[in-house]
Amino acid sequence: MKIKVEQIGFMVKDLDKTVEMLTKLGIGPWTPLADRVTTEKHYRGKPSNYRIKIAAAWCGPVEIELLQHIEGECIQKEIMEKQGEGIYH
């Protein structure tokens, strides 16, 4: 069975620096997808407001998505604390 990868998401510490580095490598253009406070969400069963920045670009047929946790309690913060930068999904 062949697996078709359509998107890879990475958690990063600094979205702007990562975009700059990847652009120099020929990946881009980048589209900002979010830089907002997310409300009315739940994290670990409790209400949570949080802010993340997201940008995406295409590298051939694969969409590369970068996510940076800014503030608040959410799964992205937990992942950064436990494993640091790297593949998210």
Side-chain angles (χ1 to χ4, degrees):
M1 179 178 166
K2 241 182 176 178
I3 297 174
K4 182 178 178 186
V5 176
E6 295 179 356
Q7 182 188 62
I8 302 173
F10 295 90
M11 292 297 307
V12 298
K13 290 180 184 175
D14 188 318
L15 187 133
D16 296 327
K17 284 184 180 179
T18 305
V19 164
E20 183 180 332
M21 178 201 58
L22 292 173
T23 298
K24 288 178 182 177
L25 294 174
I27 300 172
W30 290 89
T31 303
L33 300 179
D35 182 358
R36 65 180 183 276
V37 174
T38 302
T39 59
E40 300 180 16
K41 299 288 183 180
H42 285 76
Y43 172 69
R44 303 281 183 212
K46 297 178 183 175
S48 178
N49 296 333
Y50 58 90
R51 181 175 165 219
I52 58 173
K53 287 172 67 173
I54 305 172
W58 290 94
C59 185
V62 179
E63 183 182 39
I64 306 295
E65 184 179 66
L66 305 175
L67 300 96
Q68 176 188 349
H69 170 261
I70 304 296
E71 63 183 335
E73 299 299 318
C74 60
I75 192 65
Q76 291 85 2
K77 178 183 178 185
E78 183 178 320
I79 288 170
M80 285 299 290
E81 289 173 348
K82 287 185 178 179
Q83 72 182 34
E85 293 182 292
I87 293 177
Y88 171 55
H89 66 269

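Just so it is clear, the structure is predicted and the values come from calculations on it, not from any experiment. Positions are given from 1, in the same order as the sequence printed here. Excluded from the calculations below are hydrogen atoms, water molecules and symmetry mates; all remaining heavy atoms, backbone and side chain alike, are included.
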S.K.: Is it the case that over 12 heavy atoms from other parts of the model lie below 6.0 angstrom from the CG atom of Leu25?
M.R.: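 Yes, CG of Leu25 has more than 12 neighbouring heavy atoms, counting only those of other groups under 6.0 Å.
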S.K.: Under 3.5 Å, which donor-acceptor pairs do the side chains of residues 60-67 form with other protein atoms, sequence neighbours left out?
M.R.:
{"unit_1": "Glu63", "atom_1": "OE1", "unit_2": "Gln7", "atom_2": "NE2", "d": "2.8"}
{"unit_1": "Glu65", "atom_1": "OE1", "unit_2": "His89", "atom_2": "NE2", "d": "3.1"}

S.K.: Only counting residues at least two apart or in another chain, list the ones meeting side chain to side chain donor-acceptor pair (under 3.5 Å) with Lys82.
M.R.: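 By the side chain to side chain donor-acceptor pair (under 3.5 Å) rule, Lys82 matches Glu78.
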S.K.: Among all residues two or more places apart in sequence or in another chain, which pass the side chain to side chain donor-acceptor pair (under 3.5 Å) test with Gln76?
M.R.: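 Counting only residues at least two positions away or on another chain, Gln76 forms a side chain to side chain donor-acceptor pair (under 3.5 Å) with Tyr88.
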S.K.: Cluster question for you: counting only ILVMFWY and a side-chain heavy-atom cut-off of under 4.5 Å, with indirect links fine, are Ile54 and Tyr50 together?
M.R.: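 Yes, it is one cluster - the side chains of Ile54 and Tyr50 are joined through contacts under 4.5 Å.
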S.K.: What pair of heavy atoms forms the shortest contact from Pro29 to Ala57, and how long is it?
M.R.: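 Heavy-atom minimum between the residues: O-CB, 3.3 Å.
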S.K.: Would you please name every residue forming a side-chain contact (heavy atoms from CB on, under 4.5 Å) with Lys13, sequence neighbours left out?
M.R.: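 Applying side-chain contact (heavy atoms from CB on, under 4.5 Å) to Lys13 gives Met80, Glu85.
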S.K.: Taking only residues two or more places apart in sequence, or in another chain, which ones meet Asp14 in a side chain to side chain donor-acceptor pair (under 3.5 Å)?
M.R.: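 Testing Asp14 for side chain to side chain donor-acceptor pair (under 3.5 Å), a comparison that skips the adjacent residues, returns none.
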S.K.: Which residues pass the side-chain contact (heavy atoms from CB on, under 4.5 Å) test with Thr31, sequence neighbours left out?
M.R.: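 Counting only residues at least two positions away or on another chain, Thr31 forms a side-chain contact (heavy atoms from CB on, under 4.5 Å) with Leu33.
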S.K.: Please tell me whether Met21 and Ile8 are part of a single hydrophobic cluster in this structure, the criterion being side-chain heavy atoms less than 4.5 Å apart.
M.R.: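 Yes, one cluster joins them.
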S.K.: So which atom in Cys74 and which in Tyr43 form the shortest heavy-atom distance, rounded to 0.1 Å?
M.R.: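 That would be C-CE1, 3.4 Å.
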S.K.: Work out which heavy atom in Trp30 is nearest to a heavy atom in Ile27; give both atom names and the distance.
M.R.: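 The answer is NE1-O, 3.0 Å.
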S.K.: Can you give me the closest heavy-atom contact between Leu15 and Gln68, atom names plus distance?
M.R.: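 So the two residues come closest at N-OE1, 2.8 Å.
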S.K.: Please check if Ile75 and Met11 belong to a single hydrophobic cluster, counting links between Ile, Leu, Val, Met, Phe, Trp and Tyr side chain heavy atoms closer than 4.5 Å.
M.R.: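 Yes, Ile75 and Met11 fall within the same hydrophobic cluster.
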S.K.: For the backbone of Gly28 and the side chain of Thr23, can you confirm whether one donor and one acceptor N or O come within less than 3.5 Å of each other?
M.R.: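 Side chain of Thr23 to backbone of Gly28, a donor-acceptor pair under 3.5 Å: no, none is there.
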